[in-house]
Each structure stands twice: as C-alpha cells, then as structure tokens.
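These notes are about the structure you will find just below.
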2 protein chains.
Amino acid sequence: MSKQPKYQQVADALRREIDNGTYGPGSRLPSEAELSARFDASRNTVRSGLNLLVSQGLISSSQGLGYAVRKHEVFKLNASRFENLNFPQNGDAYSTDVTSAGRRPHQTFRVEVTTTPGHIAEQLKVEPESRAVLRFCHRFVDDVPWSTQATYYPDWLVQEAPRLTEPGDIAEGTTRYLSSLGIEQVGYADEILTRMPTPEEARLLEIGAGVPVLIWTRTGYSGEQPIRYTITTFRGDLNRMNYEIGDLSARDENEAK
Amino acid sequence: MSKQPKYQQVADALRREIDNGTYGPGSRLPSEAELSARFDASRNTVRSGLNLLVSQGLISSSQGLGYAVRKHEVFKLNASRFENLNFPQNGDAYSTDVTSAGRRPHQTFRVEVTTTPGHIAEQLKVEPESRAVLRFCHRFVDDVPWSTQATYYPDWLVQEAPRLTEPGDIAEGTTRYLSSLGIEQVGYADEILTRMPTPEEARLLEIGAGVPVLIWTRTGYSGEQPIRYTITTFRGDLNRMNYEIGDLSARDENEAK
DNA sequence: TCAGACTTCTTGTACCAACAAGTTGAGCAA
DNA sequence: TTGCTCAACTTGTTGGTACAAGAAGTCTGA
C-alpha cells in the first residue's frame, strides 16, 4: 500500500488540501505538533514534509507564527512596449507602470565605473576587464523589494555620452539622451531565463525559500554595435513578463470598448 | 563571531568552494561523513546544509552515489522567430532547432477534445467549460525530457478547420493550414513566468529538487479574435528564451562575417 | 571466465531529545 | 487605561540513534 515515505504522504496530503481550498491563500496551517498527531509521525518527519512544500514555493514558514499558504500577487510587465523611440525607456517606465497600477514605487540608484566581467564584455563586444559604466537600480513596490537592474555601457560610448557617468537619474531618459547625440537604438535582443536565487539575490530581493528568480537581459543595438547591456532580476513569484508581437490593433480596439 | 547557524556555515563554505572551482561541474562532493568530520557537526546538521544547496539547485544528490555539483547545459530558444508567416510554426520548428544543434529530438503527441478550464477560456474569449480542442506535445532532447506544450483551439475555429481534431501532426503545420483557410495569425501576445514545478510537472519533465520551470504562454490572434492559446512548460535549468525586436540586420550581417 | 553473493561504501527515512528564539496574548502593577 | 512581565504557544537548531536502500567493487564457487 503505502510504498511512499511518510513525509511524502504528509506533503501530498497538505498539497491536496491547499489545492482544494481547505487552506486558502494566506491562511495558517496546523502546527507541527498538531500535524504530528494527525499523521502519527514524529515532529521531524512532519517537518520534512513541510520543508518539501516550502522549497516548492507552496507555503512559507516563520518562527513563532507557523506555516502559511503563500499568496501569489503577480505584476504584469510589458517588455515589448517598454522601450522604443516613442516611449523612451528610463526609470520612469517603471514608475509610471507601478503608479498606474495604484502601487507606490520606490527606487535607489547608483552609478559606478567598473571593469567589465567576461560574459558581459562578450555581449557588448569589448575586451574583457575593459572599462564600463554600470548604472544600478534597486526597485521596490509598496516597500517590497521587486527587482534589481544593472545596465552596462561600453567605454567608447561613455566617451561620446559623458552624462552616463552622472550620478542620479538622467531626467529625459538615457535612450532619449543618446538619441539626442545621434545614437539611435534600432533594435534589441532579449534573453529570459530562470533559476534559484544566489544568496546575494535572495538578500537583495528578500526572497524566501522555494521562489525562483526571473532574469531578463537585454542587449541594445545601434546598427551593428551593442550600446548597452541590461540585466534585470525579478522575484519570480511576483512578476510575469509580456511580449506583444505583430499587429494586435484590432484586439486592442475591441478591448477599449 | 559565528552568529550564523552551523548548517548555514556548511552551505556557505561549500557554495564558496563550488564557485571558486574547488568542485567543478559534475564532480562529486565529500560524503556526509567526511563533511561531518570536517565541520565538527552531526550528520543531521551537515545534511541540512547540503539540503539547502540542493533546493537552491546548486547540487544534486542520489542515494548510493553521493552529492554532485550540477551541470548547466542550456539550450537557447528563439521565440520571436519561432512563429511568423514566412516560417510557419509547427512541430518542426522544434525538430529543426534541436537537429541543427546536433541533438536528437523526440516527441509524443496527443489530441483530445475537452472542456476549457476557466483561465484558458478567458484567454480564448469563450465561455468557461465550453468545448475546445487540445493538442498536447511532450518533447525530449537526446531522450531527456525537455518541455511540454499544450495548445487549445476554440470550438468555433474547429468548426471551420476540422483537421485540428486529427490525431497526429498536420504535415504543413497548423499555422499554414489555418492560413490556407483564410485564417491568418496577425499577431500574438506572449507571457513568461516562472515558479517551482507541481509534482505533476516534476514527473513529466523529470525535474529534481531546486529546479524551477519556465512557463511560456502565447495567445495567437486573427484580427480581434484569439484563435489559439499555447502553454509551454520548460525545464528552467536547460532553457533560455530569446526575443529579437527591431532592426538587427546590421548586427546579423556583421556576425556572418 | 563468469555469474552471483557479499561486503562496504553511499544517501534516505524515521524516530527521540533538548534547548534557542520569535510571537502573542493574558494578567498584573502603576 | 497604560505599560510591562511572563507564560504558552510557535518554529529553528543541533545533537543523537537505528535501520533501509541504492551503487559498486570484491570475492567465491561453478
């Protein structure tokens, strides 16, 4: 009959009950002691089962409070509208998106001149360890850490566009600033991947166990030349990325009605 | 000094050694007993530390063999070239991509007529629980499970395009088949998200602990009307998704040289 | 030589105990 | 009422033990 280990049975039973709504999002689970009695298992065995669900992102635990079913409140990001010449990308694309969703944006900003790590140099088609400007952004929504964004600009571009090294935001947006210097971003290549966070990422984004990160990189081109490389790291439990390609005008008109 | 719990110290130390190359990808870690001696900790404590790294996707364990550093062999998917009128999407887009990478593709295929779950009905703009055709695909690369793909077609479309219910591939591709009936896919909206796999997904994709899934959904439109909704679930450790937007012809010509 | 048993390594499961530490609410004192 | 202490809950950490089970090489007997 029960070939499965006991801690698996505990995890499966609890997952079923969460799925069917016995324990709704945000609600508390019975304590380890109660579950221990219910499943006739030791506290350690029950903990193994709970740990499984935690690492699967289904529940979370906090000392003194107990276990709770995780809530999923996702935020939709529009990646294809994010950055084009009509609506230049800058910090404000994020601010307006968040504000229009009725949330409160907050970000910290930092600029530094560094050497380019190998994999980034490759994207920017410059020598490894050569100079680059890094503009780094740590973003919050309603004081919850949301994402980090690091954009690298190659040194040759900084020579032409010195304001990139200015600390603080460039008011009109970097894309528009570069455009005013005759450097047009004509296209970009995006890459999206997912993995579990590094401890550093988990710290910055305050990610609990069992939550992956969504990593979005964008290489912007002006002609054949890469002019920027942006790495954005999102909390996987709070974000979805959207792309719209082709002619969706008929749909959008219909939506508006 | 050591405010951190001992199992954390174990995890941190091992992570450092993996990062700096002491243990390279695929190599075996010392056994629990050896680590127990090295860190002067009980086997349980060492196991806690190792478990942390497993659930973070850094290492994997197998009974009898020990712990090993996880290898990351990623496969790049091009989402923006995947499906357009010049290169209609069908099962072969996957096959050709895999073959051209020198790998061996394999897939199982299934067609069924079902009722539409609520969130899918919403995307297709049809009544919940109404009839729809589901074309389901389970894909492998070199016999390793790679992704699952489920595409839903609304009932009204199936009336016009009866071959959608045919079991087995449609040789010329569904997009081209629909096009031949005057139903052109003029645009699509993509959504990408990540989370930890459900037990069902973990089973189908043979995902170990600490590996998230990358979920890619695409709604295809013909005018204002959604004509298909595709959900593709990838193993997060093996896939990256690429989008190319705008004019990258200058870059591509440069690459070719 | 070869097949099978056996030993020895590994991790997996399950239990017990004890104390640390975070959270909450009851109850007491000013 | 207000503010504080403290008891009673919760999970977190660390130690121990025992046996199950998978993997791999050794040793033995045909």
Side-chain angles (χ1 to χ4, degrees), chain A residues 1-14 18 23 26-70 199 202-203 206-211, chain B residues 1-14 18 23 26-70 199 202-203 206-211:
Chain A
M1 177 55 207
S2 66
K3 264 192 322 188
Q4 274 201 325
K6 206 181 264 190
Y7 76 96
Q8 268 284 355
Q9 297 176 29
V10 172
D12 288 349
L14 290 175
I18 290 169
Y23 303 108
S27 70
R28 259 200 62 197
L29 260 55
S31 72
E32 291 177 353
E34 288 174 275
L35 292 172
S36 178
R38 171 179 160 191
F39 291 102
D40 187 31
S42 74
R43 187 183 159 213
N44 280 344
T45 302
V46 170
R47 275 177 73 79
S48 294
L50 288 165
N51 245 307
L52 204 59
L53 297 181
V54 168
S55 73
Q56 291 171 349
L58 195 65
I59 62 177
S60 62
S61 73
S62 44
Q63 195 170 353
L65 283 175
Y67 294 82
V69 181
R70 199 169 245 147
R203 192 179 58 79
E206 289 172 23
I207 292 183
V211 178
Chain B
M1 178 57 208
S2 67
K3 264 193 320 190
Q4 274 200 323
K6 207 181 261 190
Y7 76 96
Q8 267 285 354
Q9 297 176 29
V10 173
D12 289 349
L14 290 175
I18 290 169
Y23 304 107
S27 70
R28 258 199 62 198
L29 260 53
S31 72
E32 292 176 354
E34 288 174 275
L35 292 172
S36 177
R38 172 179 159 191
F39 290 102
D40 188 30
S42 73
R43 188 182 159 213
N44 280 343
T45 302
V46 170
R47 274 178 73 79
S48 294
L50 288 165
N51 245 308
L52 203 60
L53 297 182
V54 168
S55 73
Q56 290 170 351
L58 195 66
I59 63 176
S60 62
S61 73
S62 45
Q63 194 170 355
L65 284 174
Y67 294 81
V69 181
R70 196 167 249 149
R203 192 179 59 78
E206 288 172 24
I207 293 183
V211 177

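Given the structure is predicted, the values throughout are model-derived calculations rather than measurements. Computed from heavy atoms alone, side chains included, the values below leave out hydrogens, waters and symmetry copies. Every chain is numbered from 1, with letters handed out A, B, ... down the list of sequences.
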Review point. So, does K6(A) use its side chain to make a donor-acceptor pair with the main chain of G49(A) at under 3.5 Å?
Key: no
**Study point:** d(NZ, K6(A); C1', dA20(D)) in whole Å
**Key:** 15 Å
Exercise for review: Output the residues of residues 27-38 of chain A in contact with DNA chain D, where contact means a heavy atom of the residue under 4.0 Å from an atom of the strand; sort by number or write none.
Suggested key: S31(A), E32(A)
Point to revise | Close side-chain approach of Q8(B) to L52(B), heavy-atom, < 4.5 Å | key: yes
Check your understanding: Separation of D40(B) atom CG from dT14(D) atom C1', in whole Å?
Key -> 12 Å
Check your understanding: Under 4.0 Å: is that the gap between some side-chain N or O of Y67(B) and OP1 or OP2 of dG12(C)?
Key -> yes
Check your understanding: If you round to the nearest 0.5 Å, how far is CZ of R28(A) from OH of Y23(A)?
Key -> 10.5 Å
Review point. Whole Å only: how far is the CD atom of Q8(A) from the P atom of dA14(C)?
Key: 10 Å
Review point. Through what angle, rounded to 10 degrees, does the axis of the helix from dT1(C)-dA30(D) to dA30(C)-dT1(D) turn between its ends, using five pairs per end?
Key: 0°
**Study point:** Rounded interatomic separation in angstrom, taking CD from Q63(A) and C1' from dT13(D)
**Key:** 9 Å
Revision key, fill the gap. Picking from dA17(C), dA23(D), dT24(C), the nucleotide nearest the side-chain atoms of N44(A) would be dA17(C)
Exercise for review: Let me know the distance between CZ of R43(B) and P of dA18(D), rounded to the nearest Å.
Suggested key: 13 Å
